[in-house]
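Have a look at the structure below before the remarks.
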Protein chains: 2
Amino acid sequence: MSKCEQCIIRQFNSLKALTKDELLRISACKTSRIIKKGEVIFEEGESLNGLFCIKDGVCKLTKLSANGKDQIIKLVEKGQILGQRSLISDERTNLRATALNDMELCFIPKAEIIDDLKKNNNFTMDMLKEMADDLREADDFIVNMAQKSVRQRLAEALLNINENFGTNPDGTLSVLLSREDFASIVGTATESAIRVLSQFKKEGLISALGKHIKIEDLEGLKRVE
Amino acid sequence: MSKCEQCIIRQFNSLKALTKDELLRISACKTSRIIKKGEVIFEEGESLNGLFCIKDGVCKLTKLSANGKDQIIKLVEKGQILGQRSLISDERTNLRATALNDMELCFIPKAEIIDDLKKNNNFTMDMLKEMADDLREADDFIVNMAQKSVRQRLAEALLNINENFGTNPDGTLSVLLSREDFASIVGTATESAIRVLSQFKKEGLISALGKHIKIEDLEGLKRVE
DNA sequence: ATTAAAATATGATAATTGTCATGTTTTAAT
DNA sequence: ATTAAAACATGACAATTATCATATTTTAAT
């Protein structure tokens with residue numbers, strides 16, 4: 001199995017703060033997992049017993065609401081870590097993680113990470129910083145949800161996906177989402193999401209061939225009211 | 001000026017993880033501030049240069065949305081800390097803090113706290129835990145905003161305030177909020193918040209004399225659809 | 001105590017969004 | 001290649017929520 005020390009992925013998350021020795025220990029106890037598109041990585045309410053480091057692929061973090069609909073809280077991609085919150089709070093997960101495409105994950109057992117958190121303050125501080133960033137993002141998300149129309153929220157969702165996950169060579173968004181997923185990001189009915197996307201298409205803001213969506217007028221999308 | 005070491009407030013937040021020596025140092029450099037009801041403690045986008053520890057009173061954390069309306073993200077009370085997120089990210093604040101009643105605050109300069117974070121891992125871990133909890137709360141908030149009706153959100157807001165901030169001897173909620181504040185918590189128009197509260201009153205779920213609101217039927221409020 | 005300003009209340013109406021029905025297209029399994 | 005299932009699309013209508021207008025009550029300043 002490959003060594004964490006040589007893994008480029010590590011540079012993009014808190015694990016970069018670990019020392020060589022710590023990385024060697026983690027390499028020795030980590031396990032690797034392949035997850036197929038659509039598969040659930042962990043369920044809401046599950047005990048994780050460790051962290052996942054995403055080596056490849058993208059997944060969605062969702063929470064089931066009382067009315068039975070899933071809400072997408074966040075999309076997480078290659079280089080990022082899953083399960084920090086439950087690890088730190090020592091609680092079951094509050095979200096479900098589902099693969100949006102085929103994924104490769106490394107699993108690091110809880111005991112090792114906790115040990116590092118206690119001994120390596122740089123690591124703890126780095127994780128604290130990441131969590132502080134997540135919290136700011138969550139604040140922004142709350143305001144968007146509370147104060148903007150479905151049309152505005154969907155425009156923002158497209159812009160965010162474009163900004164954070166980039167595009168394929170043909171200009172289409174690299175993350176493929178169903179209309180239901182879009183609805184689940186902006187918190188609306190699937191039909192409403194479909195209607196707004198169709199409208200964006202008519203207005204020339206985007207083009208769409210099935211799930212392959214391309215932003216045609218970035219500035220126009222930003223101006224959506 | 002009173003000593004942090006003897007301050008009971010400290011028991012309720014991360015500062016409890018500090019050592020006696022650290023507390024003495026903080027006592028020596030902290031300043032105290034009295035804030036009147038309605039006054040702004042800090043603005044969105046301000047540089048804080050430290051932490052506030054709330055000795056008494058309650059404040060709201062709001063974020064201005066693009067449409068010009070304020071969204072209340074969180075209510076924070078006696079015993080809690082303000083400014084952790086911007087301290088840790090070393091960024092300007094993303095929220096404005098406004099006193100909801102007369103408050104007493106202690107201000108601890110950034111340099112002291114950063115020093116403690118670097119040296120005392122228990123303190124860092126404790127702060128990390130608090131932030132992880134905040135993040136879970138934010139996730140729940142997002143789902144509520146995205147998936148529930150104004151009526152449901154307002155019912156939940158009342159239940160949360162009742163649970164987290166308690167009641168006066170006469171049974172009224174101890175935190176006094178204007179109808180506009182309620183609207184700003186659930187993300188709706190002030191008129192809508194007023195209408196729903198009037199409806200709750202008619203249905204006997206609450207009674208209200210101006211801002212003094214009393215939950216009359218807790219179970220009923222929980223059942224609101 | 002008086003008075004202006006702010007907060008609360010309610011009606012009327014418009015705009016947004018959800019739900020249900022139904023048809024078409026795409027996808028995936030055999 | 002065929003076919004069943006899932007995803008996408010759109011119309012019709014209902015429900016929810018926002019906006020505007022206006023009145024009343026409460027609050028705070030003089």
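Only this structure's heavy atoms are used, side chains among them; waters, hydrogens and symmetry mates stay out. Protein chains get the first letters and strands the later ones, always in sequence-line order, with residue 1 at the start of each.
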For B/S207 and B/E216, does a side-chain donor sit closer than 3.5 Å to a side-chain acceptor?
->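 Yes, side-chain donor-acceptor contact under 3.5 Å.
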Assess the side chains of A/E156 and A/Q152: does a donor N or O sit below 3.5 Å from an acceptor N or O?
->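 Checked: A/E156/A/Q152 side chains show no N/O donor-acceptor pair below 3.5 Å.
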Without decimals, in angstroms, what is the distance between [X] [atom1] and [N] [atom2]?
X      : N      : atom1 : atom2 : result
A/R195 : D/dG11 : CZ    : P     : 8 Å
A/L154 : C/dT17 : CG    : C1'   : 13 Å
B/K201 : D/dT25 : NZ    : C1'   : 11 Å
A/F200 : D/dC8  : CZ    : P     : 17 Å
A/Q199 : D/dC8  : CD    : P     : 18 Å
B/D181 : C/dT8  : CG    : P     : 9 Å
B/L177 : C/dA6  : CG    : C1'   : 17 Å
A/E191 : C/dT16 : CD    : P     : 19 Å

Does [N] have its OP1 or OP2 closer than 4.0 Å to a side-chain nitrogen or oxygen of [X]?
X      : N      : answer
A/T190 : D/dA7  : no
A/R151 : C/dT16 : no
A/S178 : D/dA6  : no
A/S192 : C/dG18 : yes

Can you tell if the side chain of A/L158 reaches within under 4.5 Å of the side chain of A/L197, non-hydrogen atoms only?
->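 Yes. Closest side-chain heavy atoms under 4.5 Å.
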Side chain proximity check, B/V150 to B/V196, heavy atoms < 4.5 angstrom |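 A side-chain contact under 4.5 Å exists here.
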Per-nucleotide protein contact string for nucleotides 25-30 of chain C (B base, S sugar-phosphate only, - none; heavy atom under 4.0 Å) = ------
Using both distances under 3.5 Å as the test, list the Watson-Crick or G-U wobble partner of D/dT30, or none.
->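 Its partner is C/dA1 (Watson-Crick or G-U wobble, both distances under 3.5 Å).
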Give one of base, sugar-phosphate or nothing for B/K69, where a contact means two heavy atoms less than 4.0 Å apart.
->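 Sugar-phosphate only.
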